[in-house]
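A note on names: the letters A, B, ... follow the listed sequences, proteins ahead of strands, and every chain is numbered from 1. Keep in mind that the numbers below use all heavy atoms, side chains included, and drop hydrogens, waters and symmetry copies.
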There are 2 protein chains.
Amino acid sequence: MMEDNFIRLMKAQQKSPADEVINKIKELIESGELKPGDRLPAERKLASDFGFGRTHIREALQKLEFYGIVKTLPQSGTILNGLDINSLNGLLSDVLNLQSYDFYSLVETRCILEMNAIRLCAERRTEEDIEAMEKSHQNFIKFHNDEILRVSYDFAFHRNIAEGSHNPVIKSMLMTIIPDILIIYNKERVCNTDPFVVIKEHAEMINAVKMQNGELASSLLYQHVQGVMTLARTKLENLKVKSLSMA
Amino acid sequence: MMEDNFIRLMKAQQKSPADEVINKIKELIESGELKPGDRLPAERKLASDFGFGRTHIREALQKLEFYGIVKTLPQSGTILNGLDINSLNGLLSDVLNLQSYDFYSLVETRCILEMNAIRLCAERRTEEDIEAMEKSHQNFIKFHNDEILRVSYDFAFHRNIAEGSHNPVIKSMLMTIIPDILIIYNKERVCNTDPFVVIKEHAEMINAVKMQNGELASSLLYQHVQGVMTLARTKLENLKVKSLSMA
DNA sequence: TGTGTAATTTTGGTCAACCAATTAAACGGG
DNA sequence: CCCGTTTAATTGGTTGACCAAAATTACACA
């Protein structure tokens, strides 16, 4: 496992072709040859100029579009966004320096997003949201003896919370990080929280949401995930995951 | 602009080919034909079975890999993650139901992430972090009369905060949402916060970070972004942005 | 019967060519 | 000279073919 991390670290240091393309685009901007708002040279031209195939060019542009740096218009071209040079350079540096992240950062960010998701859920929840949470909770109780199913319904419960926040950005972000957490959870098999404790905590959170008490719901959620936080801090502190990007 | 939103809404209802592929993969899982941990049929087979080209298959798999649902191994195949059927179905439903998001959600999430980023920055900051914040702050003062440069250095300041959190997941998430916010900011040209107010707020935040006072830093950041929050709530409430996904 | 090696097949990644949408240039008439 | 129409060029998206790595199968020998 340590060897795995070493190999991944080395790979991270070898830039992918797409990252090399991004670096060259960054140089075009720094040289003034490409200005904010400009259309980029055509994919074929970039391929020829940079010495990479169009597949790598397209992968690089897709990545830049994902981060809002360019906008691709079918059959029309690719436009650099209109931010100023310093901001563009900063963003491009950040894209190029995206790191693998450690499990602790993953879990810490999940905690932050979920604490706020449940606070918003308490404020904004609908009857459907409460019913969905109740249903997941009842299913958790029903299958609390089944190690796999109870994790499944715990996860469903957390998805209900995200849904109840009525903030699609928070939902989307949680979606990108929850699967990795769950996968590592299941793989390490080190979480053995008493299901009755979970049942109690779920019930308290539902009640706080019903009462529209965001602060209470938020602090209950914080307590709820302390188990994973502690786990991440002590046993899996240096566990690397993947780069949170498309490359 | 209202017409723009209408057209985008209609487009959102037409599933992309990649989403149709994802839906078919979901059906394979629901039918039991594809189980957690299984290798998916080869790309060529999926293309043939589903009636889409390999480009669309690969785009769908790339999206699923981004969300942690599958793992693609070059020259070996694509593996479905080992989560249970309910969780997989839930995740796939969420992926298929990713929505366009409104500017308010974007800004609200930014506020949440940055409040926590600066709290962590106060706890974890290094001397380099403080120096970087000071430098951005000094540049903001220097160019406070230049509308473009001061936004640029304000952005640099916020990037320093993200960097100082020492949490790559938070950094990465802020990176995906900040450009859109800045672009809309510049386009709507409706923020006219007095630069001297910003200078004062920046100085207070730096001081709180120096003092390692996370709570203070967090609440100062909250005050700092209230302008954008108010703007988002009143003037741009229904402004749709893009789908926060690769499709 | 088990093991090691070689051959074959399968696989995802990449490429050049082609398709169709968009833009730019050319042309003709007023 | 300007404007509308037609033609040509440019563009990103898609396709089928090819490449090389990985996995599977077949075969030979102890």
- Under the 3.5 Å rule, do the base of D/dG16 and the side chain of B/Arg44 count as making a donor-acceptor pair? no
To the nearest angstrom, the CD-C1' distance between A/Glu20 and C/dT14 comes to 16 Å
Taken to the nearest whole Å, CD/B/Gln75 to P/D/dT24 is 14 Å
From CD of A/Glu59 across to P of C/dT14 the rounded distance in Å is 7 Å
5'-most contact on DNA chain D (nearest-nucleotide basis), B/Gly53 vs A/Arg39, goes to A/Arg39
Between CD1 of A/Ile79 and C1' of D/dT10 the distance, given in whole Å, is 14 Å
At 4.0 Å (heavy atoms only), tell me whether A/Thr55 reaches a base, stays on the sugar-phosphate, or touches nothing. base
Atom CG of A/Leu46 and atom P of C/dC15 are separated, to the nearest Å, by 15 Å
CG of B/Leu61 to CZ of B/Arg54, rounded to nearest 0.5 Å, is 10.0 Å
Task: Between A/Phe140 and A/Phe155, ring centroids under 6.0 Å - done: no
>> side-chain contact (heavy atoms from CB on, under 4.5 Å), that's the test. Do B/Met175 and A/Val95 meet it? Break it down for me.
In response: CA-CA 8 Å; B/Met175 263 181 60; A/Val95 167; 3.4 Å; yes
Notebook entry, point to check: Does a side-chain N-to-carboxylate-O contact under 4.0 Å join A/Asp94 and B/Lys171?
Noted result: no
Here the distance between atom C1' of C/dT14 and atom CZ of B/Arg54, to the nearest Å, is 9 Å
Taken to the nearest whole Å, CG/B/Leu73 to C1'/C/dG13 is 13 Å
*Look at the side-chain N and O atoms of A/Ser76 and state whether any lies under 4.0 Å from the OP1 or OP2 oxygen of D/dT11.*
no
Closest to the side chain of A/His56, out of C/dA21, D/dA22, C/dT14, is C/dT14
From CD of A/Glu43 across to P of D/dT14 the rounded distance in Å is 11 Å
